[in-house]
**Student:** 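This is the structure I have questions about; it appears just below.
Because the structure is a prediction, the values reported are computed rather than measured. Letters go in sequence order (proteins before strands), and every chain restarts at 1.
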Number of protein chains: 4
Amino acid sequence: MSSVPAFKRLPRAVREQQMLDAAVKVFSRRGFHAASMDEIAEDAGISKPMVYAYLGTKEELFVACLHREGTRMMQAIAGAAAPDLPADERLWRGLRAFFGFVGAYRDGWAVLYRQARGEQPFAGELATMRARLVEVVAGMLDHALRAEGREIAAIDLEVVAYALVGATESLADWLADHPDADPEKTATRMMNVAWLGAAQLLHGVTWRPPVD
Amino acid sequence: MSSVPAFKRLPRAVREQQMLDAAVKVFSRRGFHAASMDEIAEDAGISKPMVYAYLGTKEELFVACLHREGTRMMQAIAGAAAPDLPADERLWRGLRAFFGFVGAYRDGWAVLYRQARGEQPFAGELATMRARLVEVVAGMLDHALRAEGREIAAIDLEVVAYALVGATESLADWLADHPDADPEKTATRMMNVAWLGAAQLLHGVTWRPPVD
Amino acid sequence: MSSVPAFKRLPRAVREQQMLDAAVKVFSRRGFHAASMDEIAEDAGISKPMVYAYLGTKEELFVACLHREGTRMMQAIAGAAAPDLPADERLWRGLRAFFGFVGAYRDGWAVLYRQARGEQPFAGELATMRARLVEVVAGMLDHALRAEGREIAAIDLEVVAYALVGATESLADWLADHPDADPEKTATRMMNVAWLGAAQLLHGVTWRPPVD
Amino acid sequence: MSSVPAFKRLPRAVREQQMLDAAVKVFSRRGFHAASMDEIAEDAGISKPMVYAYLGTKEELFVACLHREGTRMMQAIAGAAAPDLPADERLWRGLRAFFGFVGAYRDGWAVLYRQARGEQPFAGELATMRARLVEVVAGMLDHALRAEGREIAAIDLEVVAYALVGATESLADWLADHPDADPEKTATRMMNVAWLGAAQLLHGVTWRPPVD
DNA sequence: GATGAATGAGTGTTCATTCAT
DNA sequence: GATGAATGAACACTCATTCAT
């Protein structure tokens, strides 16, 4: 009788989580446009006006999903890649955490990237999140380079980091599409792609276009 | 009186191209859902029923855009990367052609990937196209590996190729977002990321996860 | 201030009846195809989405009309023709009730038969209703025949009943087209046509084709 | 080489018959509204503007179908029921011809009645045709009555004839729905229904409603 | 706090019909 | 005579969003 007071009159915070759960699920299944507020409300076991009262319009609701899932992902990564470890160790742990997250929350990942990528209203939100990732990766590389006594132009650093993040997202998609694939193994593969190249960079090896 | 354009009663083939041009433009600007058939028709300088008569429903129209742009892109790449060149040369030329294409047809690229990625109805179409790219890249790597007397598991090859393609798409996005950036330079950067890692692979260097 | 109708926010059941009333009226006036959902909604004093929310698509709405009017008609007939009366009495009362119904609800009749007959999607619905009528009439005839110690093949019975129902529908059309005609008198006329022939049948008189 | 000059440049009369054939077929299959001018033109092996040039708008085209099929039917009946025969003989021959026609041209019948009945624009056309039939039947009855030295009110005569025509149409529908049924037998059944009652009338027997 | 009732606005799609060649 | 090209106009249906209770 005490802690499970049936279904109604739950405190706001709980209700909001239920709604977000439902929203993430429905957005992930149907996509942003095809998802209807009706379905989300029904799935959350609540009436539509409540959804509007608590979480605002459809766009705002989607952004709220984005934030929650993005924060969770960032925390998973940040918690794994302690900043005092050597660069390869940090990269490896970060990737492992990332793919672990994607493997565990495919719905969340789908909302975060599959849906958000295509819809312009969220391009900004997404770009911000991606920028944080790029920054982290670029930071790792820069840190390692400096430790080796090297340096490269900021823009090059950014672009390389951008490419690595893109490759990682791409493998995350691949993982989301192959439910039986092993996240850990996928992380290892990504590490091979990333680190082999990065390690070369660290040692000053670069490729230059041939003179036509 | 002779060469006056005579705006009306154009043959079907011409009208279809006009419509596809307009559709690519509008889809790319607004996204698939936000794009309206009215706007596309108006932009093509034709009435809506003609669009339906020639290119079918909105989905079919989008698929037609996808095909045209995808084919153009593939041809640009295939025309550049002759199969009898060494692997690095092919990769470089392919990348250069690819980024050149994206730089020149930002709208087409947006339709191809930005929009298609998010919309479930086109996931299949897109996956097919991406699969062709992955196959080409994997083929290059495999060819080079065999030339070196090495071999790796097909799935590893696929995943590495997938990652490289993902990184490339990601840089293409970056390029599309930075209108002043130089496609050639972007290609060079991608080549650095890709080839440095690939070259390591070719020499049998791999990274292995630490034993926890 | 108390009994003001408060035109809005009516409970669902009430609104549904209003909508059905409007739909029967509009369908009957314009025919199924020419009727527009806009006009029905407007006539019901409600917005279109409510019609869809409560009664579904145009076809479903029409079927709902069919059911309501058909049920009303059947009840009127069944209430009048008590099964323990002699056959001629039952037939007479049934016919009187039927023509009374048609005379009173010309719109309903038009929806039921005039419209439904022509539109393929409703052929099934209509056939079912007609089959119920045919069955009732055939039952009456069969009952009377057995009371006379006679019997005829089931198929002949069905066809005769079918013809009688057809004649009746036809007179109902006639009645609907002659607003000043008297339903009771029309019933008497139909009774003459039906019963004179039926009574002959009961006495074993039949007509046989001449040998050519 | 002489009399079959391929498909084009046929004389107008021939083309019109082809179009009417196609129109009857398509209208009968799809119904008036669902039938599209495109399909009719295609089925006739001709372009749409030709259909408009020769036979006018969709409604006019349908009326043309109605006329052709109606005329054919009337001729079939009139040719069979010579006016100098006794009433029962005429009725029987007329019915046999009628059901024979329906059995042979189900498409035509469907256009004539199934479609035309429901669509208001053709109510007038149809009423005219039906009136001709009613008149013929009423004439038969009147003729026979007078031969017997009897007479009944014109309106009663009309209504009885209307009922008989309605019963006949109804059985024609039944026949159209039962492709294996025998037209001749159906005619016999109808004759039973009609003549048994009519013969009673001729002998002055009538049914009167009970005094409640 | 919670919801059933209600709607404005918009979109994809179709079709009869006609012009220009 | 014949047709491909073209369109105006309409209509079913949906959905995010908000009142009134």
**Student:** With both distances kept under 3.5 Å, what pairs with dG12(E), Watson-Crick or G-U wobble?
**Tutor:**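 dG12(E) is paired, partner dC11(F).
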**Student:** Pro11(B) or Glu59(C): which one's nearest nucleotide on DNA chain F is closer to the 5' end?
**Tutor:**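 Comparing both residues, the 5'-ward one is Pro11(B).
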**Student:** Could you give the CG-to-P distance, from Leu61(D) to dA16(E), as a whole number of Å?
**Tutor:**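 Roughly 11 Å, once rounded to whole Å.
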**Student:** With 3.5 Å as the limit, what N/O pairs link the protein to nucleotides 9-11 of chain E?
**Tutor:**
none

**Student:** Is Lys58(A) close enough and on-axis enough to Phe32(A), meaning under 6.0 Å and within 45°, for cation-pi?
**Tutor:**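 Yes.
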**Student:** Using whole Å, what does the distance between atom C1' of nucleotide dC19(F) and atom OH of Tyr52(A) come to?
**Tutor:**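 Going from Tyr52(A) (OH) to dC19(F) (C1'), I get 14 Å.
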**Student:** With both distances under 3.5 Å as the test, what is the Watson-Crick or G-U wobble partner of dT7(E)?
**Tutor:**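 dT7(E) is paired with dA16(F).
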**Student:** Distance alone, cut at 3.5 Å: any donor-acceptor contact between the side chains of Glu119(B) and His33(A)?
**Tutor:**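 There is no such pair between these side chains.
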**Student:** The side chain of Met50(C) is closest to which nucleotide in this list: dT7(E), dC13(F), dA2(F)?
**Tutor:**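 Among dT7(E), dC13(F), dA2(F), the one nearest the side chain of Met50(C) is dT7(E).
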**Student:** Do Trp109(A) and Tyr113(A) pass the ring pair (Phe, Tyr, Trp, His ring centres under 6.0 Å) test, and can you show the C-alpha distance, the side-chain angles, and the key distance before you say yes or no?
**Tutor:** CA-CA 6 Å; Trp109(A) 174 253; Tyr113(A) 276 90; 4.3 Å; yes
**Student:** Nearest whole angstrom, please: distance from the P of dA6(F) to the CD of Glu16(B).
**Tutor:**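 Value for this atom pair: 11 Å.
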**Student:** Expressed in angstrom and rounded to an integer, what is the separation of Phe27(C) atom CZ from dA12(F) atom C1'?
**Tutor:**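 To the nearest whole Å, that distance equals 12 Å.
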**Student:** Would you mind reading off the distance between Gln18(B) atom CD and dA5(F) atom P, rounded to a whole angstrom?
**Tutor:**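 That distance rounds to 13 Å.
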**Student:** With a 4.0 Å limit, can you tell me whether Arg15(A) has a side-chain N or O closer than that to the phosphate oxygens OP1/OP2 of dG1(E)?
**Tutor:**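 No, outside the criterion.
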**Student:** Find out whether the Lys NZ or Arg CZ of Arg72(B) is both under 6.0 angstrom from the six-membered ring centre of Tyr105(B) and within 45° of the ring's axis.
**Tutor:**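 Yes - Arg72(B) lies over the ring of Tyr105(B), closer than 6.0 Å to its centre and within 45° of its axis.
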**Student:** Please state whether the phosphate of dA5(F), meaning OP1 or OP2, lies under 4.0 angstrom from any side-chain nitrogen or oxygen of Tyr54(B).
**Tutor:**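 Yes, Tyr54(B) has a side-chain N/O under 4.0 Å of OP1/OP2 on dA5(F).
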**Student:** Please tell me which of Met19(C) and Ile46(A) maps to the more 5' nucleotide of DNA chain E, matching each residue to the nucleotide holding its nearest heavy atom.
**Tutor:**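 With Met19(C) and Ile46(A) compared, the 5'-side residue is Ile46(A).
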**Student:** In this structure, how many angstroms lie between the P atom of dC15(E) and the CD1 atom of Ile40(D), rounded?
**Tutor:**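 Value for this atom pair: 12 Å.
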**Student:** For Glu60(A) and dA16(F), what is the distance between atoms CD and C1' respectively, to the nearest whole Å?
**Tutor:**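 For the pair Glu60(A) CD and dA16(F) C1', the rounded distance is 12 Å.
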**Student:** Does the side chain of Met19(B) reach to within under 4.5 Å of the side chain of Ile40(B), using non-hydrogen atoms?
**Tutor:**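 No, every pair of side-chain atoms sits at 4.5 Å or beyond.
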**Student:** CG of Leu55(C) versus P of dA6(E): gap in Å, rounded?
**Tutor:**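 In whole Å, dA6(E) P lies 13 Å from Leu55(C) CG.
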**Student:** Would you call Lys25(D) and Arg29(D) a side-chain contact if the rule is heavy atoms closer than 4.5 Å?
**Tutor:**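 In contact.
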**Student:** Between Glu60(C) and Thr57(C) (side chain of the first, backbone of the second, donor and acceptor by atom type, cut-off under 3.5 Å), is there such a pair?
**Tutor:**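 Yes.
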**Student:** Would you indicate which nucleotide in dA2(F), dT3(E), dA5(F) comes nearest to any side-chain atom of Arg9(B)?
**Tutor:**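 Nucleotide nearest to Arg9(B)'s side chain: dA5(F).
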